[in-house]
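Okay, so here's the structure we're looking at.
Counting starts at 1 for both ligands and their atoms, following the listed order. Any value given below was found using the heavy atoms of this structure, including those in side chains, with hydrogens, waters and symmetry copies removed.
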Amino acid sequence: MFENRIQRAKSETLFEEAKAYFPGGVNSPVRAFKSVSGAPLFIKKGDGFTITDEDNNTYTDFCNSWGPLILGHNNKQIKEAVFETIENGMSFGTPTAHGNELGKFILDHNRYIDRLRFVSSGTEAVMSAIRLARGYTQKDKIVKFDGCYHGHVDSLMVKAGSGLATFGVSTSAGIPEAFAKETIVLPLNDEEAVENCLKEHGHEIACIIIEPVPANNGLLIQRKEYLEFLRAVCTKYNVLLIFDEVISGFRVGFEGAAGYYDIQPDLITYGKIIGGGLPVGAFGGTKEIMDHVAPLGAVYQAGTLSANPVAMTAGLACLKQLVDPSFYKMMEDQTAYLADQLEAHAKSKGYTLNVARIGSIFWLCFSEETIRTSSAIQAESMEYFKVLHHELLQTGVYLGPSGYEVGFLSKALAEDQAHLDLAISKMKDALDIAFSAVSA
Ligand SMILES: *Cc1c(COP(=O)(O)O)cnc(C)c1O
């Protein structure tokens, strides 16, 4: 079933070599292709909507570095801006005008935050926002939701305890039970669970953190009323609401999910797109809350390479190309087109498939109904994805290597109707093969 019709010898050799250097041959686990077949591709080049591997196979890319590359690969304006900045050196550990420019540009176009702090990854942004919420409220416990990912932060690598246990248990070795116990894990899309939890524990809870567009465990789009409910109930119990917008920020709109749903969280975290392909994260909120961060306030947070000038330049060159609302409309329209085409094909063939989508994010969900909680995802449905993923590699389409990962449309592909149509037609063919293989 998983024969390779394309040459992948170089990727395979490099992967074997990498195993001698890195645990599992990778520097981030999902890259290892463990939930699909074969060795990971070693990519040597990206251009527009394509990536090319070491064996010279070219793929239309729907992963886009897991989301940061909303414009596509090797964007001309970003590249030129980076080259210009790099002429003057790479890092000073001092404030720079580049940091001001990116900070100003974001704050000028975002009604939901009025102070920012730059960091170097999404994980760091979330970790810092949680500390700030605890420092600001002087409370220790936090609430997260089953099915949301917030980076590899100790207190967020936690799942619900079994049975009636309120407090979480860690999902990684190396996290002290005492940390996991400070995290309460609730199901998504369940108002009553949140209300009951806050009624009982609100006085010890610093914050509720949610991916307002949960996109790390399938795409579990929440009802707007549910997100509004979270806002109201957090205010009622004096708990901060944190939107983790590391994926949704600058993706579902320039103002992210806060703007998309018009909901004012207390803190927002960013990553991925904000750095235009270089390592940048940020957290932001009102001046009142953010002034609790050092050196003004008592919540310590720092970073040697924070607001690195080269990364700031890349972020600014990227965000400047996104700010026009017609850009987001075009991206959403083309993603709807892709989803509709695939759904219509599945319907005509009698396949169980619905394509969840929001903005330029989509997820192939091998289920009849709309899924809003992680427990509703059927593990068996991933068998279809495995075949689909393999088939698409054979025909030159790259999806992230797990059925729990979402796809991202890039501007480069959205604007090229012929190649978008070609990718869709390859996806239809791969669906035919997946459904005949798994059903057989
Ligand atoms: C990717 C992601 C993170 C972690 O960001 P890194 O840059 O990988 O550390 C955190 N939260 C969400 C919602 C993410 O999608």
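For the pair K10 and F15, the cation-pi criterion (under 6.0 Å, within 45° of the ring axis) is not fulfilled.
Heavy-atom proximity to T123, at under 4.0 Å, picks out these atoms of ligand 1: 4 (C), 5 (O), 6 (P), 9 (O). Those atoms of ligand 1 that come under 4.0 Å of a heavy atom in S121, given as number and element, are 7 (O), 9 (O). Atoms of ligand 1 found under 4.0 Å from any heavy atom of N216, numbered from 1 in the order shown, are 12 (C), 13 (C), 14 (C), 15 (O). Close contacts between ligand 1 and E211 involve ligand atoms 13 (C) [criterion: under 4.0 Å to a heavy atom]. Close contacts between ligand 1 and Y149 involve ligand atoms 11 (N), 12 (C), 13 (C) [criterion: under 4.0 Å to a heavy atom]. Close approach of ligand 1 to G122 is summarised as follows: ligand atoms under 4.0 Å from at least one heavy atom of the residue are 4 (C), 5 (O), 6 (P), 7 (O), 9 (O). Remark: ligand 1 atoms within the under-4.0 Å shell around heavy atoms of H150 are 10 (C), 11 (N). Close contacts between ligand 1 and D244 involve ligand atoms 10 (C), 11 (N), 12 (C), 13 (C) [criterion: under 4.0 Å to a heavy atom].
The residues E16 and K19 are annotated as salt-bridged, a charged nitrogen and a carboxylate oxygen being separated by less than 4.0 angstrom. Ion pair K139/E204 not flagged as a salt bridge, since none of the NZ, NE, NH1 or NH2 atoms sits closer than 4.0 Å to an Asp/Glu carboxylate oxygen. A salt bridge is defined here as a Lys NZ or Arg NE, NH1 or NH2 lying under 4.0 Å from an Asp or Glu carboxylate O, and K236 with E195 meets this definition. By the 4.0 Å N-to-carboxylate-O rule, E191 lies close enough to R223 to be salt-bridged with it.
Aromatic rings from F62 and Y398 are positioned such that their centres are separated by 6.0 Å or more.
Counting heavy atoms under 4.0 Å from ligand 1, residue T269 does not touch it at all. Residue contacts with ligand 1, taken as heavy atom pairs separated by less than 4.0 Å, do not involve E124 at all.
Around atom NZ of K104, no more than 12 heavy atoms belonging to other residues, nucleotides or ligands sit under 6.0 Å away. For Y226, the OH atom is densely surrounded, since the number of other residues' heavy atoms within 6.0 Å is greater than 12.
Closest to atom 15 (O) of ligand 1 among all protein heavy atoms lies K272 NZ, 2.6 Å.
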